[in-house]
Amino acid sequence: MSDLILGLETSCDETAASVVAQGVQVLSHVVASQYALHEAFLGVVPEIASRAHVQHLTPVVEKALAEAGVDLSQIAGIAVGNRPGLIGSLIVGVSAAKALSWSLGLPLIGVDHVQAHLYACELREREDEAVDAAALSRASLGLVISGGHTSLYRFTDPTELTLIGRTIDDAIGEAFDKAAVMLGLGHPGGPAIDQLAERGDPEAIAFPRSLLDPDSLDFSFSGLKTAVLYAVRGQPQGRGKNATFERSHEDLSDQQRADVAASFQAAAVQTIVLKLERAVKQAREAGEPVQRLVLGGGVSANRALRQEVQQFADREGLQLGLPQMTYCVDNAAMIAGLAWHRFHIGRYDDLSLPAVATTRV
Ligand code: KG4
Ligand code: ZN
């Protein structure tokens, strides 16, 4: 019996499809980015995103099948990211997945997009690459850092996660994107900050590292965002929408802008590492030590963050699961891969599968 899963992903502004074998081997991985459609608005416009998914999904699925060298008769199950996300965008993927499942008589599996990000590090392209199957049942700490989420989990099974911390305001990716706008860089801002920070001094500006209460595993990035605004534009006169600033980002030299980017990135990355340290310590004190650390989501592509987290994992003696760059941002391979774990134990959904905009986990 085939164990090929066709995964669909439309939760935000990427239309993606992928064919994955045995839950780990990526046979194809196609992503149509809507970047150009949203760029002028400096953020994702939900209505534009939904319409673009409708246009792109069928060609993206056809391309994923062609690149995998298979046709629909060889597919064993249909997976879709059905939560959380922009509701109009999710509905496009969920409806397409239901249509495929019903017309082909194949099992349908709805996957949590945020949880799937923590599965991205398991994916590989070559059949002969070693798979550490035991890693999946180790006591793990998982951190999803993306444009919409900053969420910390404990788990020993990739399909059953317990949320232990989350952002109380902005997601870390949102902070990267807003800082980029303040510096006059494009959208999405994460990769642009990553580049610019390379030329800057991470100690030039002492931005805040918000750690909340001493025991808290939650995150807060809104204070850091505001501190970047003041560093770039000076102190405001007046409040709210009527506030005026001393200067614009164009008044800063290239070096000053690079220093802001590097100092912001250092504060964001250090906040993450300090929280991971806290979570590992708490788990140890509770007699449930962590063996493995897993990262996922767009911000896990950040080079400084990958380096710092690797050093942290080495210091603590933790196994580290970092996704390959191509699987950090939204993709359908992580959806298809995670769904396989439900497919092979027969835990399917039916045609009542809803699209859900927000979930607690
Ligand atoms: O996971 P993702 O594709 O979408 C969501 O589920 O949100 O993450 C997108 C986020 C954006 O905020 C983007 O700026 C950020 O990931 N990002 C990065 C980098 N590459 C993407 N942030 C920092 N450094 C990067 N290299
Ligand atoms: Zn995502």
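First listed ligand is number 1; within each ligand, the first listed atom is number 1. What you are looking at is a predicted structure, and each value in this text was computed from that prediction instead of being measured. When a residue number appears, it is its place in the shown sequence, counting from 1.
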Within the structure, does F176 bring an N/O atom to less than 3.5 angstrom of an N/O atom in ligand 1? no
Who's the nearest protein heavy-atom neighbour of atom 21 (C) of ligand 1, and how far? G298 O, 3.4 Å
Give me the nearest non-hydrogen protein atom to atom 18 (C) of ligand 1 as residue plus atom name, then the distance to 0.1 Å. G190 CA, 3.5 Å
Applying a strict 4.0 Å limit to heavy atoms, is C12 in contact with ligand 1? no
H117 near ligand 1 by a heavy-atom separation under 4.0 Å: yes
Is it the case that one hydrophobic cluster holds both F219 and V273, taking links as side-chain heavy atoms less than 4.5 Å apart, direct or via other members? yes
Counting only N and O atoms by type, is there a donor-acceptor contact under 3.5 Å from the side chain of [X] to the main-chain atoms of [Y]?
X: E9; Y: S11; result: yes
X: R278; Y: S216; result: yes
X: R342; Y: Y348; result: no
X: D259; Y: A204; result: no
X: D218; Y: G165; result: no
X: S95; Y: I91; result: yes
X: R303; Y: E198; result: no
X: T150; Y: T167; result: no
X: Q237; Y: T244; result: no

[X] heavy atoms, cut-off 4.0 Å: which ligand 1 atoms fall inside?
X: G147; value: 5 (C), 7 (O), 8 (O), 9 (C), 10 (C), 12 (O)
X: G148; value: 7 (O)
X: A301; value: 26 (N)
X: G173; value: 12 (O)
X: V329; value: 3 (O)
X: D194; value: 24 (N), 25 (C), 26 (N)
X: D177; value: 11 (C), 12 (O), 13 (C), 14 (O)

Below 4.0 Å, non-hydrogen atoms only: which portion of [X] touches ligand 1? Side chain, backbone, both or neither.
X: D330; value: both
X: H113; value: side chain
X: N302; value: both

Are E277 and K281 within salt-bridge range, i.e. N to O under 4.0 Å? no
Do T271 and F221 have side chains that get closer than 4.5 Å, going by heavy atoms? yes
Report yes if the side chains of Y119 and V294 come closer than 4.5 Å at any heavy-atom pair, otherwise no. no
Pick from V299, V144, D13: the one approaching atom 15 (C) of ligand 1 most closely through a non-hydrogen atom: V299
Pair D170, S222: side-chain N/O donor-acceptor within cut-off below 3.5 Å: no
Keeping to distances under 2.8 Å, can you name the protein N/O/S atoms close to the Zn ion (ligand 2)? H113 NE2, H117 NE2, D330 OD1
